Amino acid sequence: MGQREMWRLISRFNAFKRTDTILHHLRMSKHTDAAEDVLLEKKGCAGVITLNRPKFLNALTLNMIRQIYSQLKKWEQDPETFLIIIKGAGGKAFCAGGDIRVISEAEKAKQNIAPVFFREEYMLNNAVGSCQKPYVALIHGITMGGGVGLSVHGQFRVATEKCLFAMPETAIGLFPDVGGGYFLPRLQGKLGYFLALTGFRLKGRDVYRAGIATHFVDSEKLAMLEEDLLALKSPSKENIASVLENYHTESKIDRDKSFMLEEHMDKINSCFSANTVEEIIENLKQDGSSFALEQLKVINKMSPTSLKITLRQLMEGSSKTLQEVLTMEYRLSQACMRGHDFHEGVRAGKWQMGTYHFGEMGFVSICC
């Protein structure tokens with residue numbers, strides 16, 4: 001067999017694998033068997049959403065996005081539903097994001113999944129942000145990418161000591177989407193810019209101290225908190241807030257520890273206040289501290305294109321509404337799908353925050 005014929009066979013085999021992966025994803029997106037990927041239940045006064053894919057860290061599928069959006073709209077109009085609770089099954093993750101490997105493979109195979117997935121995910125993010133009923137997200141475990149979009153725009157976000165937050169999209173030629181351009185520049189000082197560009201992890205009570213969570217509860221009390229919320233009779237927003245505040249006040253884990261970035265906030269505010277990525281890099285070099293040099297090392301591993309997009313995204317998003325930001329991010333996401341960095345990053349698994357492998361589902365991202 002000649003070399004040319006061998007390469008032709010390899011190319012055909014790779015195309016078959018991509019198509020098979022895409023078809024598998026679509027089959028999963030349409031299945032409606034007993035083992036539901038998302039549970040939508042009315043309990044007491046509340047509508048309860050449970051992301052039910054613990055083996056995959058509750059990663060989002062298109063089918064899950066559609067089910068949640070539809071039910072959220074119904075509960076919003078239901079006079080007997082007074083609040084909405086969203087949580088993740090399994091204890092390891094609230095939601096680690098969406099499966100971007102499938103999206104990348106689909107694009108290579110000329111299958112147009114990306115426009116539909118991103119559009120409907122961002123519509124759900126906007127629905128969470130504009131929800132007319134009190135919305136309580138129990139962010140216990142890994143909360144990244146799509147999981148952030150399902151929680152951070154809601155009225156109440158309850159973190160536990162096991163919560164792990166990060167937006168590490170700059171590692172693969174994407175950007176902190178799902179409304180990242182809205183909430184990140186609104187964090188204290190330049191903290192959001194730092195988190196977006198470096199993908200820095202926040203854990204436990206620091207997720208609350210950063211302003212991403214509104215409350216902190218010890219994980220052993222989380223089930224009890226949910227029971228107390230469900231037991232409320234026709235609660236007002238104030239009634240719900242009071243229950244959350246009581247549990248927050250009683251929480252003891254890491255209560256006396258200061259914010260892990262507190263000692264570095266002056267450096268963060270100074271170095272990340274620049275209007276260009278080049279200036280931020282120069283600021284970190286000029287600072288010269290071990291913290292600054294560590295961040296410089298991280299940034300140098302990121303996609304240069306992604307860094308520039310992200311900085312501009314946050315600067316623009318700081319004065320836009322959530323809906324305006326999501327519209328901007330949709331356009332950016334489609335531009336990234338046409339670029340090289342995103343597909344190369346997914347192929348190589350270039351995650352500064354760690355790579356997750358989930359059997360036949362392959363690489364599950366923490367970004368979309």
Side-chain angles (χ1 to χ4, degrees), residues 38-52 58 60 62-88 94-95 118-140 143 146-159 177-187 208 211-215 217 222 225-248 317 319-330:
V38 57
L39 306 178
L40 304 164
E41 305 168 283
K42 183 69 190 304
K43 295 183 178 181
C45 66
V48 180
I49 303 166
T50 305
L51 307 175
N52 194 36
N58 298 320
L60 287 172
L62 183 57
N63 183 54
M64 291 168 71
I65 290 168
R66 287 173 171 172
Q67 287 189 68
I68 295 169
Y69 181 86
S70 176
Q71 190 61 60
L72 191 62
K73 290 299 182 181
K74 290 175 183 175
W75 279 334
E76 227 178 343
Q77 300 302 317
D78 178 16
E80 298 302 313
T81 301
F82 291 88
L83 76 149
I84 294 162
I85 297 172
I86 185 167
K87 61 182 180 176
F94 169 69
C95 174
F118 282 101
R119 181 172 63 250
E120 297 198 29
E121 183 180 28
Y122 295 174
M123 284 172 61
L124 176 56
N125 299 150
N126 188 62
V128 170
S130 60
C131 186
Q132 298 302 302
K133 300 287 175 73
Y135 183 98
V136 181
L138 304 179
I139 49 176
H140 174 68
T143 304
V148 176
L150 282 178
S151 56
V152 76
H153 306 302
Q155 193 167 13
F156 301 110
R157 291 93 64 188
V158 183
D177 63 337
V178 297
Y182 180 79
F183 82 88
L184 287 167
R186 287 167 171 78
L187 298 180
Y208 162 73
I212 293 156
T214 58
H215 298 81
V217 174
L222 200 58
L225 166 63
E226 185 179 348
E227 288 177 11
D228 284 353
L229 289 172
L230 295 177
L232 293 171
K233 305 297 182 184
S234 305
S236 64
K237 180 180 71 175
E238 290 72 24
N239 297 146
I240 294 163
S242 178
V243 171
L244 294 174
E245 191 60 35
N246 287 340
Y247 273 86
H248 174 79
S319 60
K320 293 181 182 294
T321 65
L322 174 59
Q323 188 169 356
E324 289 170 340
V325 166
L326 290 166
T327 300
M328 172 182 71
E329 290 180 355
Y330 176 74

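These numbers come from the heavy atoms of this one structure, side chains and all, not from hydrogens, waters or symmetry mates. Keep in mind the model is a prediction, meaning the values are calculated, not measured.
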How far apart are the C-alpha atoms of Glu329 and Phe118, what are their side-chain angles, what is the distance that settles it, and do they pass the side chain to side chain contact (heavy atoms under 4.5 Å, CB included) test? CA-CA 9 Å; Glu329 290 180 355; Phe118 282 101; over 6 Å; no

Enter the distance from [X]:[atom1] to [Y]:[atom2] here, rounded to the nearest 0.5 Å.
{"X": "Leu72", "Y": "Gln67", "atom1": "CG", "atom2": "CD", "value": "13.0 Å"}
{"X": "Gln132", "Y": "Ile84", "atom1": "CD", "atom2": "CD1", "value": "10.0 Å"}
{"X": "Leu40", "Y": "Ser70", "atom1": "CG", "atom2": "OG", "value": "8.5 Å"}
{"X": "Glu121", "Y": "Ile65", "atom1": "CD", "atom2": "CD1", "value": "4.5 Å"}
{"X": "Leu229", "Y": "Leu138", "atom1": "CG", "atom2": "CG", "value": "7.5 Å"}

So, do Phe82 and Ile240 sit near enough that their side-chain heavy atoms are less than 4.5 Å apart?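 A side-chain contact under 4.5 Å is absent here.
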
Using the test side-chain hydrogen bond (donor to acceptor under 3.5 Å, both in side chains), find all partners of Glu120 that sit at least two apart in sequence or belong to another chain.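 Applying side-chain hydrogen bond (donor to acceptor under 3.5 Å, both in side chains) to Glu120 gives Arg66.
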
Using the side-chain hydrogen bond (donor to acceptor under 3.5 Å, both in side chains) criterion, which residues pair with Tyr247? Sequence neighbours excluded.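 Asp228.
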
Evaluate the side chain to side chain contact (heavy atoms under 4.5 Å, CB included) criterion for residues Tyr135 and Ile86: first the C-alpha distance (whole Å), next the side-chain angles of each, then the deciding distance (0.1 Å), finally the verdict. CA-CA 8 Å; Tyr135 183 98; Ile86 185 167; 3.5 Å; yes

Contacts of type side chain to side chain contact (heavy atoms under 4.5 Å, CB included), residue Asn126, not counting sequence neighbours: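 Asn126: side chain to side chain contact (heavy atoms under 4.5 Å, CB included) contacts with Ser130, Leu322, Gln323, Leu326.
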
Thr50: which residues meet the side chain to side chain contact (heavy atoms under 4.5 Å, CB included) condition with it, sequence neighbours left out?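 By the side chain to side chain contact (heavy atoms under 4.5 Å, CB included) rule, Thr50 matches Leu39, Glu41, Val48, Lys87, Ala89.
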
Evaluate the criterion side chain to side chain contact (heavy atoms under 4.5 Å, CB included) for residue pair Phe156 and Leu83; output intermediate values, then yes/no. CA-CA 11 Å; Phe156 301 110; Leu83 76 149; over 6 Å; no

What residues, two or more places apart in sequence or in another chain, satisfy ring-ring contact (aromatic ring centres under 6.0 Å, His included) together with Tyr208?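 For Tyr208 the ring-ring contact (aromatic ring centres under 6.0 Å, His included) partners, ignoring immediate neighbours, are His248.
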
Side chains of Asn239 and Ser236 only: does a donor on one sit below 3.5 Å from an acceptor on the other?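 A donor-acceptor contact under 3.5 Å links the two side chains.
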
For Glu324, what residues pass the salt bridge (charged side-chain N to carboxylate O under 4.0 Å, His left out) criterion, not counting sequence neighbours?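 Here no residue qualifies.
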
